[in-house]
Amino acid sequence: MSEELPEEIKDLSPEEQAKLKKLMEKDNKSFRTPTGFWHWIVALLGGGMVFFYFYSAGIKAVATEYHRGIYVFATYVLVFLLYPAGTGRTRVVLSLLLGTMVSAFLAVQLFYPDAATFHSHLMDFGSAWSDQGITAAFGVAGGLWGVLIGALLCAALLIPIDNWMAKRWSQLPVLSDILFAAASTLVVFYWIQQFELLNYRAGAENELDALVSIAGTIISIEVARRVLGWSMTLIGIGFLCYGYFGPHFPEMIAHRGFGFERLCTSLFLTTNGVFGVMASVLATYVILFIFFGAFLHKSGAGRFFIDLPLALAGRSTGGPAKVAVIASALFGSVSGSAIANTVSTGAFTIPLMKRAGFQPHVAGAIEPAASIGGMFLPPVMGAGGFLMAELTNTSYTYIMMISVFPALLYFFSVFCMIHFEAKKLKIKGLVDENFPHWKTVLRNDWYFSLPLVIITILMIMGRSPGFAAFWATITCVVISWFRPETRMGLREIWEAIQTGARNTLVIGATLGVIGIIVGTISLTGIGLKFSDIIISLAGGNLLAALGLVALASLVLGMGVPVTAAYLIVAVLAVPPLGDLGVPILCAHMIVYWFSQDSNITPPVCVAAYAGAAIAGSDPWKTGWTSFKYAKLLYVVPVLMAFTPSILFQAKTANITIPELEGDIPFASVMKVNIKDGDHYNKGDVVAVLLVDDQPVEVRANREGDVTHVAKGNGSMVSAGDVIIRGEQMATPHMIISSFVSATLGTIAFSALTMFYWVRKTTIPEWILLAAGTILLYTPGLVTDLSGLVIVGCVWFLQHRKNKRDELTLATA
């Protein structure tokens, strides 16, 4: 994370640089650059975090409370020291909140015998307010008057002191920032110190637990606001309101409601909230790969990631755009951010594309369209891949394995679309540029690929991702010594450590609000209700449900980071997709792919706007053009849903109760003929029902293996109920067939959407290509051959037209 733009961007005008910086700040807000004492505090805290997590990943694991707690502590404190609070009314409100916390803390320490007495007075005040009104409440306030006056005095002092400090030392934290950092330290270390005891008294927390959890929840929301802005913050506050005002919501999503104290203790003190799955995944995997990315960049490997694609594809048709695709795949697999990927590679590739003949808005669109593919490509798929492994209880190595083909398919689609666009516009490769052959690049710079190779090999061997990141980071230092100009000494290593620590803050700032959101979903049970809502709105239609999930991801992605969008939508949307027959891993992968859509789909598409800023093109036009090149982002999830074998997953083969004759509402299961683990063929009688005193056979409508007998003998069932849960295993033949179909379908789809095959397509040719594309995307020998025949006919017709045109020109 840095406020400095890449060197290649320095050629832009000051206005364009300012516009690009503003766009990048939507993903990554500006931070202070402290000097003197505070510089060293920030540096030591960031360096300590890096060393601590490298130690826990590569040398010796630490206890859960330290593993999660130290990360939350370091993140919260660094955010308060580096990110300003804002101006105007926001500072006033924060001063009042902080003044209240300081006043309450001093009151407990100096004037009350213990926290329980103070808490009791607060509860009496709240009860009087709710039962008799505000007048009666202040009548029983007693010692709380002193706390209120103290809060107002603290706020009155903080506001002028903060303003004076901000004017005098603009790059240093002000007093309220320091106090917030101190409060963060207290609440997090309370959680660490009380971790085991909190587990024992879960559900029966004491008064001090309640006070600490309320302060911790407020601090978590403020951390997100400072780094991510109001969108993410308001979503978190909205979920808190949903948890509190549960009975007042529409019946479909209403619940019994929880007191604010109950909400806060559940969300801050347990491992279902702030210190839950997000904190665990970030501390265990994600930040280590962010550290690795900082070291890889410092080692000089970035130039290799440009030079190799340039040598491979630079001279081909539309060469610079194809270079952008390959470079984005290499950069994106370790960057973890589509916007950072767009800026890093686009600084080089977008000017090249414009020089080759691509229009500015097309050049600015191709780079972000390719850049989001890096989020799907192993070995590092961004934070979402690690979250998926945690949520599905699946090894990250397996997630990597099943992700390779869909990711390559996405890059292949962008590659094909570029090729057809370049053919249509007659754009050649770079013929006058002087760059080496790809064999020369590999021979001279092959060692820059070693860190990625080591990550992959170690994880295939079964080592943890954190352990792999640890050794890959050490490898970055080693390979930097192969050349004098890239050699990393102590100063460069320290700079990489500081960059890595700061780069973790943007994703780290989400963990508090994400914990609040996920914890509220778990506490209120809205996840189960949301499942029913999606199935109801979709009418039981899987394609309609996918459309709803895509829309939810797009809308949510407009306001929150893509990783947060994935986690929220996954918690809510994976269960209904599972109910509609989608395997769980496929459902998670679908949500993960859809979560990236806000980067390139208008109206937000910040990555596309960043590309437009570099290209000097119209942002809106660039956004829609980027969407045109990234359309496979919406196609692959459909393939995953209907063809799970593309992810090596079994296809659901459940057997349901057929319609009962005579409008009988229910029937009784007389006999089930198969058991768990049995194989059944299409047409087999798997059960016998008793319907209106008549036996009725239930037959399998497809082949499969029994995973669970859902309704045993004597059970009452209705039409549509699942009686046998089964699956059709993904055989090697099915997997290969789905790969071949997807590849052929993508070629046809690219030609279809670019309106070019051998030449520009006419409307009848386009309709034929559409039919051929659908057939090719459907796995099976008959459908593939039929699709190939149709697409081949279009090719033959267009090829013949080209020949005829050539003859006409020759005779003219």
Side-chain angles (χ1 to χ4, degrees), residues 1-10 21 24 28 30-59 70-71 74-75 77-79 81-83 169 171-173 286-307 331 334-337 340 343-344 347-348 380 444-445 447-452 454-455 466 469-506 508:
M1 180 175 78
S2 174
E3 291 185 280
E4 296 300 318
L5 297 173
E7 286 298 320
E8 295 86 345
I9 302 295
K10 302 301 184 183
K21 188 174 178 181
M24 291 177 69
N28 186 356
S30 293
F31 53 79
R32 303 183 185 108
T33 308
T35 56
F37 172 77
W38 289 110
H39 166 78
W40 286 107
I41 290 293
V42 168
L44 291 173
L45 191 57
M49 176 172 67
V50 173
F51 285 121
F52 176 79
Y53 284 100
F54 273 142
Y55 170 82
S56 67
I59 300 173
I70 294 297
Y71 176 60
T75 298
V77 172
L78 284 172
V79 165
L81 296 182
L82 291 174
Y83 287 85
W169 302 292
Q171 292 298 310
L172 299 183
V286 177
I287 62 171
L288 292 163
F289 282 95
I290 293 175
F291 301 155
F292 161 68
F295 275 83
L296 185 68
H297 178 76
K298 201 73 176 176
S299 72
R303 190 66 221 176
F304 171 68
F305 289 165
I306 291 291
D307 288 344
F331 265 107
V334 294
S335 76
S337 167
V343 174
S344 299
F348 178 80
V380 185
N444 294 337
D445 300 334
Y447 52 85
F448 282 122
S449 64
L450 282 177
L452 293 178
I454 284 174
I455 283 179
F470 170 78
W471 284 106
T473 304
I474 292 175
T475 307
C476 290
V477 178
V478 173
I479 63 171
S480 74
W481 280 69
F482 285 26
R483 287 184 181 178
E485 64 269 21
T486 61
R487 196 165 291 165
M488 292 178 69
L490 290 177
R491 180 177 179 179
E492 288 76 18
I493 291 173
W494 182 248
E495 288 173 354
I497 287 172
Q498 294 303 308
T499 301
R502 292 189 177 190
N503 283 348
T504 66
L505 298 184
V506 173

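Please read these numbers as outputs of a predicted model, since none were measured by experiment.
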Q | Results of ring pair (Phe, Tyr, Trp, His ring centres under 6.0 Å) for F448 - residues two or more places apart only | A | none
(Q) If the condition is salt bridge (Lys or Arg N to Asp or Glu O under 4.0 Å), which residues does E492 pass it with, not counting sequence neighbours? (A) none
Q: Identify the two heavy atoms, one from G500 and one from I290, that lie closest to each other, and give their separation to 0.1 Å.
A: O-CG2, 3.7 Å
**Q.** Min side-chain heavy-atom separation F305-L452 under 4.5 Å
**A.** yes
Q: Mark yes or no for whether S299, through its side chain, and V477, through its backbone, hold a donor-acceptor pair below 3.5 Å.
A: no
Q) Between the side chain of Q498 and the main-chain N/O of A43, is any donor-acceptor distance below 3.5 Å? A) yes
Q: With sequence neighbours excluded, tell me which residues meet side-chain contact (heavy atoms from CB on, under 4.5 Å) with A496.
A: F295, K298, M488
**Q.** Set of residues satisfying side-chain contact (heavy atoms from CB on, under 4.5 Å) with respect to S449, sequence neighbours excluded
**A.** F304, V453
Q) Among V478, T475, I455, which residue meets the side-chain contact (heavy atoms from CB on, under 4.5 Å) test with L450? A) T475
Q.
Would you say that more than 12 heavy atoms from the other residues, nucleotides or ligands in this model lie under 6.0 Å from the CG of L490, or not?
A. no
Q | Closest non-hydrogen atom pair, I497 against G47 | A | CG2-CA, 3.7 Å
(Q) With a 4.5 Å cut-off on side-chain heavy atoms, are L82 and P34 touching? (A) yes
Q. About how many Å separate CG of L45 and CG of L81, when rounded to the nearest 0.5 Å?
A. 7.5 Å
Q: Quick one: list whatever passes ring pair (Phe, Tyr, Trp, His ring centres under 6.0 Å) with W169, sequence neighbours left out.
A: W164
Q | With R487 via side-chain hydrogen bond (donor to acceptor under 3.5 Å, both in side chains) - residues at least two apart | A | none
Q) Hey, are the side chains of F470 and L288 touching, using non-hydrogen atoms and a 4.5 Å cut-off? A) no
